[in-house]
Visitor: 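Questions regarding the structure given below will be posed in turn.
Residue indices begin at 1 and follow the sequence shown.
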Amino acid sequence: MTDRVCVVMPTYNERDNLESTLTGVFVQNPGVDVLIVDDASPDGTGTLADVISKATNMAPQLSVHVARGAQSKDTGFERAGTDAKVLSDAHVSTPDLKIANRINGCTMDSRVFVLHRKGKLGLGSAYVDGFTWALDHGYTLICEMDMDGSHRPDDLKRMLDRIEGNANIDLVVGSRRVPGGTTENWPWYRDLISRVGSQYARLMLGLKVRDMTSGFRVYRAGILRKVNLHTIEDNGYVFQIDMTRRVVAAGGTVVEMPIVFPERARGESKMDGSIVREAMDKVTRWGFARMHRQLHDPDEIPREITDAKRQIEDGPDEVLDDELVDEAEAGVD
């Protein structure tokens with residue numbers, strides 16, 4: 001992998017998902033780094049993330065060491081073939097160390113970093129802070145991915161392969177709404193809200209991207225530097241819509257790739273009524289501003305026609321198609 005890849009993963013009460021999600025990311029995508037942006041999760045997500053980060057940023061092949069007769073607070077990492085040395089902070093539990101050790105065993109030179117924030121400040125600002133950190137640290141491809149298991153690591157691999165294979169692509173969107181894309185085990189009302197929200201945003205903003213609210217994405221660093229991240233004030237999922245329109249307005253090429261989006265297995269969804277209201281309000285205001293430009297700027301409509309040519313819907317992915325066929329046949333059996 002020639003690009004330096006950072007996967008930004010905001011968290012709030014996702015402790016139980018850290019091991020399974022990070023393990024999948026590292027096994028399927030060797031060499032990528034992960035930045036966890038934690039909003040002071042009361043369940044200890046940030047604490048466990050710190051232990052994992054310390055493990056992955058140290059020598060490989062660390063193993064958990066427990067001194068004879070010691071309490072859990074006396075545990076640490078031990079390098080094979082050397083004297084035991086406590087490398088973790090005091091009062092770190094043995095279970096946390098074991099989780100970190102298991103993750104570290106499959107990182108293959110990947111590292112985990114943690115950005116702590118003072119409270120629950122919103123999804124949009126978490127991504128802005130994460131993108132800014134990744135840009136400052138020299139990453140060339142910067143990803144959005146959920147920690148809750150609803151974004152599959154093998155889909156991330158296909159998305160990275162797609163953008164690395166074409167230097168003209170600025171944003172790859174993992175899409176539920178193109179041929180081959182789908183959701184699994186979603187409540188009907190959640191699917192309806194997602195579909196209606198995307199359709200309304202497409203209509204009001206004149207965009208072709210079908211899955212406007214998808215939070216599974218890969219950006220080139222260059223396009224992120226053009227979209228004025230510091231001016232973004234979105235808190236909820238409208239952030240995804242805002243980022244899409246900003247990328248297109250900045251001259252970026254957007255490609256949608258089909259993904260499978262399963263319902264989260266553990267934890268609770270962060271979606272609520274205030275997030276939906278924020279999206280409706282902002283998209284409506286942006287839409288009326290667009291209509292005003294169309295009436296007063298003769299270059300607006302030709303510009304939109306040009307922009308439309310840079311919003312590409314990929315054909316169904318052959319690997320994903322085969323996977324879906326296999327799953328269907330297994331269900332029949």
Side-chain angles (χ1 to χ4, degrees), residues 6-14 35-41 46 114-137 139 142-147 170-171 173 193-194 196-207 209 211-252 254 269-293 297 300 303-304 307 311:
C6 180
V7 182
V8 179
M9 307 184 81
T11 57
Y12 186 78
N13 286 348
E14 297 289 355
L35 174 66
I36 296 172
V37 184
D38 186 64
D39 276 6
S41 298
V114 187
L115 183 61
H116 292 280
R117 307 202 307 165
K118 294 182 179 180
K120 195 173 182 181
L121 304 177
L123 180 70
S125 64
Y127 273 125
V128 169
D129 288 347
F131 291 167
T132 301
W133 182 95
L135 290 171
D136 288 344
H137 285 77
Y139 290 94
I142 302 171
C143 312
E144 294 183 23
M145 188 173 181
D146 288 351
M147 185 64 79
D170 297 290
L171 166 61
V173 176
I193 291 172
S194 173
V196 171
S198 283
Q199 290 292 341
Y200 182 68
R202 294 179 71 207
L203 175 66
M204 293 298 289
L205 304 179
L207 298 174
V209 174
D211 199 343
M212 296 285 289
T213 60
S214 172
F216 197 6
R217 300 177 173 220
V218 182
Y219 296 89
R220 287 199 185 277
I223 199 67
L224 289 180
R225 292 191 177 96
K226 295 180 179 179
V227 300
N228 298 320
L229 290 172
H230 66 282
T231 65
I232 295 176
E233 298 179 347
D234 314 315
N235 286 319
Y237 292 100
V238 72
F239 170 79
Q240 313 299 355
I241 299 173
D242 195 3
M243 286 298 296
T244 304
R245 75 185 188 101
R246 285 171 181 256
V247 167
V248 171
V254 182
S269 172
K270 310 303 189 295
M271 174 70 74
D272 60 29
S274 64
I275 290 174
V276 176
R277 288 191 294 274
E278 179 195 28
M280 290 294 293
D281 176 65
K282 289 194 171 184
V283 169
T284 300
R285 287 193 283 111
W286 294 334
F288 280 119
R290 169 188 169 238
M291 295 174 193
H292 182 270
R293 291 194 301 272
D297 182 356
E300 178 66 18
R303 185 162 47 240
E304 288 188 6
D307 289 345
Q311 300 169 62

Visitor: Going from OG1 on T244 to CZ on R217, what distance comes out if it is rounded to the nearest 0.5 angstrom?
Guide: 3.5 Å
Visitor: Would the number of heavy atoms belonging to other residues, nucleotides or ligands and lying under 6.0 Å from NZ of K226 be above 12?
Guide: no
Visitor: Would you sort out whether D281 and R277 count as a salt bridge (charged side-chain N to carboxylate O under 4.0 Å, His left out), showing the intermediate values?
Guide: CA-CA 6 Å; D281 176 65; R277 288 191 294 274; over 6 Å; no
Visitor: Is there a donor in the side chain of Y200 and an acceptor in the side chain of T284, or the other way round, less than 3.5 Å apart?
Guide: yes
Visitor: Show your working on side-chain contact (heavy atoms from CB on, under 4.5 Å) between K282 and D234 and close with a plain yes or no.
Guide: CA-CA 9 Å; K282 289 194 171 184; D234 314 315; 2.9 Å; yes
Visitor: With no hydrogens and no angle check, do the side chains of T132 and D129 hold a donor and an acceptor under 3.5 Å apart?
Guide: no
Visitor: When you measure from the side chain of R117 to the backbone of G122, do you find a donor-acceptor pair of N or O atoms at a distance under 3.5 Å?
Guide: yes
Visitor: Could you give the distance from CD1 (I142) to CH2 (W133), rounded to the nearest 0.5 Å?
Guide: 9.5 Å
Visitor: In Å, rounded to the nearest 0.5 Å, how long is the span from CG of L203 to OG of S198?
Guide: 12.5 Å
Visitor: Any side-chain heavy-atom pair from V254 and D170 closer than 4.5 angstrom?
Guide: no
Visitor: Hey, is the main chain of D211 close enough, under 3.5 Å, to the side chain of S214 for a donor-acceptor pair?
Guide: no
Visitor: Considering non-hydrogen atoms only, spot the tightest contact between M145 and V7 and give its length.
Guide: CB-CG1, 3.6 Å
Visitor: With sequence neighbours left out, what residues match F131 under ring pair (Phe, Tyr, Trp, His ring centres under 6.0 Å)?
Guide: Y127, Y219
Visitor: Just how far is it from atom CG of L224 to atom CG of L229, taken to the nearest 0.5 Å?
Guide: 5.5 Å
Visitor: Could you pull out the closest heavy-atom pair between Q311 and V209, with the gap in Å?
Guide: OE1-N, 3.4 Å
Visitor: Taking E278 for its side chain and G236 for its backbone only, find out whether a donor-acceptor pair lies under 3.5 Å.
Guide: yes
Visitor: Indicate the atoms forming the closest heavy-atom contact of A250 with V227, along with that distance.
Guide: CB-CG1, 4.3 Å
Visitor: Heavy-atom distance under 4.5 Å between the side chains of F216 and V173, does that happen here?
Guide: no
Visitor: Is the closest basic N to carboxylate O distance between R246 and D242 below 4.0 Å?
Guide: yes
Visitor: Do D297 and R303 meet the salt-bridge criterion of a basic N to acidic O distance under 4.0 Å?
Guide: yes
Visitor: So V238 and M280, do their side chains get closer than 4.5 Å, heavy atoms only?
Guide: no
Visitor: Looking at CZ of R245 and CD1 of I241, how far apart are the two atoms once the value is rounded to the nearest 0.5 Å?
Guide: 10.0 Å
Visitor: Just do the side-chain contact (heavy atoms from CB on, under 4.5 Å) check on I223 and L171 with the steps written out, would you?
Guide: CA-CA 8 Å; I223 199 67; L171 166 61; 5.5 Å; no
Visitor: Applying salt bridge (charged side-chain N to carboxylate O under 4.0 Å, His left out), can you list everything that pairs with R202, at least two apart in sequence or on another chain?
Guide: none
Visitor: Has the side chain of R290 got a donor or acceptor atom that lies under 3.5 Å from a matching backbone atom of M204?
Guide: yes
Visitor: If you look at every heavy atom in A126 and P10, which pair is closest and at what distance?
Guide: CB-CB, 3.9 Å
Visitor: Would the distance check show the side chain of E304 and the main-chain N or O of E300 forming a donor-acceptor pair, the cut-off being under 3.5 Å?
Guide: no
Visitor: Looking at OH of Y12 and CG of D39, how far apart are the two atoms once the value is rounded to the nearest 0.5 Å?
Guide: 8.0 Å
Visitor: For H292, check ring pair (Phe, Tyr, Trp, His ring centres under 6.0 Å) against everything at least two apart and list the hits.
Guide: H296
Visitor: Test E144 against M9 for side-chain contact (heavy atoms from CB on, under 4.5 Å), laying out the working first.
Guide: CA-CA 6 Å; E144 294 183 23; M9 307 184 81; over 6 Å; no
Visitor: Would T11 and V37 count as a side-chain contact (heavy atoms from CB on, under 4.5 Å) here? Give the steps.
Guide: CA-CA 6 Å; T11 57; V37 184; over 6 Å; no
